[in-house]
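No experiment lies behind these values; they were computed from the predicted model shown.
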Amino acid sequence: MKNMYEVVVIGGGHAGIEAAHAAARLGCSAAMVTLDLEAIGRMSCNPAIGGVAKGQLVRDIDALGGLMGVVADQAGIQFRMLNRSKGPAVWGPRAQMDMEEYAALMRRALESTPNLELISGELLDFERRKDGGFKLHLSGERILISRTLIITSGTFLGAVMYTGLQGTAGGRIGEPAAQELARTLKGMGLKTRRLKTGTPARLKAGSLQYDEVEVQEGDMEPFPFSFRTQGPLRNRAVCWITRTSSETHQILRTGFDQSPMFTGAIEGVGPRYCPSIEDKVARFADRESHQLFLEPEGLGNDRIYVNGFSSSLPREVQDAALRTIPGLRHCEVLRYGYAVEYDSVDASQLHPTFECREIPGLYFAGQVNGTSGYEEAAAQGLLAGINAALNVKQREPFLLSRAESYIGVLADDLVNLEIEEPYRMFTSRAEYRLHLRQDNAEERLLEKGHVLGLVEDAVLSRYHIQRDRVEEMKKRLFETKAVPESINPFLEARGGRGLSGSEPALSLLRRPEVPLPDLLEHLGVDVSGWTSAELVAVEANERYRGFQERQRREIERNQRLSDLRIPQNFDYKAAHALSVEARQKLDVKRPLTVGQAQKIAGVTPADVSGLIFHLQHRHAA
């Protein structure tokens, strides 16, 4: 039985999958250790991938060669582009998953990945070796030796599940908590914090009254998450919308004295932007109803996920409240909602590669870092897996800036912000969101993925063909003149002002009232050979061109200094141009770049200037 690896990943969730897959793809001997091989890729909460900002993360993951997007396209049963009524900068692809198929496809993908072994077991303890690697003690007395270690334990560290005031050790229904690992990490001096998450009830699909709820169908022309997806996407399922009522809220309030959150049984902080139904009722007492989404968990099962009704109240309270909701009056509850309180690692102890500053070679990724959501976890796992492999190969770390991707925003926020609640990605967190659109992920990241070795030549070549087609369409529209006589009735019918003289048709796309498909139809341009993705790229590139030019100049100005690397052996004590406080804090934090250094509390602009002087002087010497 093999026991020596270059990268070992603990956990088989969304972070663990991307970490193990990336490390193995980059040529490292890798192993994934997880409690239950059947649980790899299991969707613990909602049966969906993507959404606003989260969908952008999935597109970024895909452009770097990750798995989540391509598997979501295969397992998806309903696809929708959210925010279509707004500009493409905030569009967000989202898809309902067949949960069993998603997990099965993920496991199959890992099993077929060269250099990767899947191991059933629990990490109980680990220690540093004299050579800088790790000795891992697994259940069953198995020992593994690894150069690097990535912990993606999700919500399992010291986890307790609650339904009412009854607490049971476990990180997910039917699965034990990682108690020994939690004690090991605390014993190593790592700072942790207590957080909370939750999940709603699951209902028997055949017990609902669908004539009482609103149908929500998928898009007629769905967009894939993955650039690698060639075949058509299939919208094979619908969702439904319903609402709570004042009667629902009255019943929920009767259980507040048995709520683990309100009575203090749970001390951890929950996600502010995805609160439980009892939290919503308490915080928004003036609201008479809250919207709920009824989402199928697959095509081959009979389960409905009640999105928006996360709860840890007693079963009898959940049951009575559910039966006051239109469509659910005769529902059969297959599983009641519950909350999970768990330990998370304070990510300020990590580099933006997710390597622990005090314990080189040890990485953390996913919900264990204090985030929420499958997409945030997968993004961290991909970055940690890439960097663990580069560490083994003694190559420079792979860093993404806030100007390059949502993954860069996520990493920067996690290691620099004081996070007191589970972190969730929003488009508002990205100051360059007009540049970080879901439609241009390949433009921003595909070359980087190819250089790493995670994106195949054929994929990059196909992107170059698409890029050339987009430029061809833009050139064609630039050369096509829009003259007032023919274009003004078109513009005025859409609430726009007419032209006083001829203009290139391309320039009309800068007007929000002019959708590209309508313009092409008016001009008589045949688009039958063009994909939806190509048309979106043409429209978005031109619509945001002015904004992007300004952002590009700002990005270049900031990046010149922010990207300046700081050697890990840099002697801050000898950098006398810095204040004593800055030298002390920089020596502890050990930032990798000047950009990270300037975000550390106590490091002034003058200190940053002094640091740049020392770095440039050292380089010149």
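A donor-acceptor pair is defined here as one N or O able to donate and one able to accept, closer than 3.5 Å; no such pair exists between the side chain of Arg335 and the backbone of Ala201. A donor-acceptor pair is defined here as one N or O able to donate and one able to accept, closer than 3.5 Å; such a pair exists between the side chain of Arg543 and the backbone of Arg511. For the pair Thr229 (side chain) and Pro224 (backbone), a donor-acceptor distance under 3.5 Å is absent. Side chain of Tyr338 to backbone of Pro200: no donor-acceptor contact under 3.5 angstrom is found. In this structure, Thr163 contributes its side chain and Gly337 its backbone to a donor-acceptor pair below 3.5 Å. In this structure, Gln78 contributes its side chain and Gln96 its backbone to no donor-acceptor pair below 3.5 Å. Remark: side-chain polar atoms of Thr242 are paired, donor with acceptor, to backbone N or O of Pro326 under 3.5 angstrom. Side-chain atoms of Thr244 come within 3.5 Å of backbone atoms of His290 as a donor-acceptor pair (strictly under, hydrogens ignored). Panel note: side chain Arg429, backbone Arg424; a donor-acceptor pair is recorded below 3.5 Å. Between the side chain of Ser372 and the backbone N or O of Tyr423, at least one donor-acceptor pair lies under 3.5 Å.
Shortest non-hydrogen contact noted between Leu82 and Gly51 is CD1-CA, 3.9 Å. Leu313 and Gly255 get closest at one heavy-atom pair: CD2-O, 3.4 Å. Of all heavy-atom pairs spanning Val333 and Leu203, the tightest one is CG2-CD2, 3.9 Å. Looking at every heavy atom in both residues, Gly154 comes nearest to Tyr342 through O-CD1, 4.1 Å. Residues Leu195 and Gly370 share a closest heavy-atom pair of CD1-CA, 3.6 Å.
Between the side chains of Ser311 and Ser276, no donor-acceptor pair of N or O atoms lies under 3.5 Å. Between the side chains of Ser344 and Arg193, no donor N or O sits under 3.5 Å from an acceptor N or O. A donor-acceptor contact under 3.5 angstrom links the side chains of Gln380 and Asn369, judged on distance only. Inspection of the Arg402 and Ser405 side chains reveals no N or O donor paired with an N or O acceptor under 3.5 Å. Checking Asn235 against Glu217 by side-chain atom types alone, no donor-acceptor pair falls below 3.5 Å. Checked by atom type, the side-chain pair Gln367/Thr152 shows no donor-acceptor distance below 3.5 Å. In summary, the side chains of Arg94 and Asn83 do not present any donor paired with an acceptor at a separation below 3.5 Å, with no hydrogens or angles considered.
In this structure, Arg497 places its CZ atom where only 12 or fewer heavy-atom neighbours from other residues, nucleotides or ligands lie under 6.0 Å away. Annotation: Glu431, atom CD; neighbour count of heavy atoms from other residues, nucleotides and ligands within 6.0 Å is above 12. Within a 6.0 Å sphere centred on CD of Glu521, heavy atoms belonging to other residues, nucleotides or ligands number 12 at most. In the displayed structure, Glu513 atom CD is contacted under 6.0 Å by more than 12 heavy atoms of other residues, nucleotides or ligands. More than 12 heavy atoms of other residues, nucleotides or ligands lie within 6.0 Å of CD in Gln291, so this atom counts as buried by the packing criterion.
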Q: Tell me, with the steps shown, if Asn541 and Arg437 meet side chain to side chain donor-acceptor pair (under 3.5 Å).
A: CA-CA 10 Å; Asn541 284 346; Arg437 305 188 308 273; 3.0 Å; yes
Q: Assess whether side-chain contact (heavy atoms from CB on, under 4.5 Å) is satisfied between Arg59 and Ser226, documenting all intermediate values.
A: CA-CA 7 Å; Arg59 295 280 292 120; Ser226 177; over 6 Å; no
Q | Chi angles and distances behind the side-chain contact (heavy atoms from CB on, under 4.5 Å) call for Ile151, Leu181 | A | CA-CA 10 Å; Ile151 294 178; Leu181 180 57; 4.2 Å; yes
Q. Under the side-chain contact (heavy atoms from CB on, under 4.5 Å) criterion, do Met68 and Tyr102 qualify, and how do the steps go?
A. CA-CA 9 Å; Met68 178 172 269; Tyr102 183 89; 3.7 Å; yes
**Q.** Stepwise side-chain contact (heavy atoms from CB on, under 4.5 Å) test for Leu414 and Phe354
**A.** CA-CA 9 Å; Leu414 286 181; Phe354 299 122; 4.0 Å; yes
Q: For the pair Asp319 and Arg323, evaluate salt bridge (Lys or Arg N to Asp or Glu O under 4.0 Å) and give the outcome as yes or no after the intermediate values.
A: CA-CA 7 Å; Asp319 198 280; Arg323 293 175 188 278; 2.7 Å; yes
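The pair Arg236-Asp98 does not count as a salt bridge, with every side-chain nitrogen at least 4.0 angstrom from each carboxylate oxygen. We find that Arg228 and Asp62 are joined by a salt bridge, their nearest charged nitrogen and carboxylate oxygen being less than 4.0 Å apart.
For the pair Arg84 and Trp91, the cation-pi test (distance below 6.0 Å, angle within 45°) is passed.
In this structure, CD on Glu539 lies 9.0 Å from CG on Leu520, to the nearest 0.5 angstrom. Rounding to the nearest 0.5 angstrom, the gap separating the OH atom in Tyr162 from the CD atom in Gln166 is 10.5 Å. Rounded to the nearest 0.5 Å, atoms CD1 (Ile241) and CG (Leu294) are 9.0 Å apart. Atom-to-atom distance recorded for Met161:CE and Thr199:OG1 is 11.5 Å, nearest 0.5 angstrom. Interatomic distance, OG of Ser532 versus CG of Asp439, reported as 12.5 Å (0.5 Å rounding). Between the CD atom of Glu247 and the CG atom of Leu252 there is a distance of 10.5 Å, given to the nearest 0.5 Å.
At least one side-chain heavy atom of Val281 sits less than 4.5 Å from a side-chain heavy atom of Arg253. At least one side-chain heavy atom of Pro93 sits under 4.5 Å from a side-chain heavy atom of Phe225. Counting only heavy atoms from C-beta outward, the side chains of Glu375 and Met425 never approach each other to under 4.5 Å. You'll find the side chain of Gln258 reaches within 4.5 Å of the side chain of Glu316, heavy atoms only. A 4.5 Å side-chain heavy-atom check between Arg329 and Glu212 finds at least one atom pair inside the cut-off. In this structure, Val340 and Lys196 have side chains that are not in contact, with every pair of non-hydrogen atoms separated by 4.5 Å or more. For the pair Ser289/Ser246, no side-chain contact is recorded, criterion being any heavy-atom separation below 4.5 Å from C-beta on. Taking 4.5 Å as the limit, some side-chain heavy atom of Gln438 sits within range of a side-chain heavy atom of Met81.
With sequence neighbours excluded, the residues satisfying salt bridge (Lys or Arg N to Asp or Glu O under 4.0 Å) with Arg510 are Glu542.
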Could you list the donor-acceptor pairs under 3.5 angstrom formed by side chains in residues 260-268, with sequence neighbours left out?
from: Thr263; atom 1: OG1; to: Ser259; atom 2: O; distance (Å): 2.7

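Ring to ring, Trp240 and Tyr210 are close: their centroids are under 6.0 angstrom apart.
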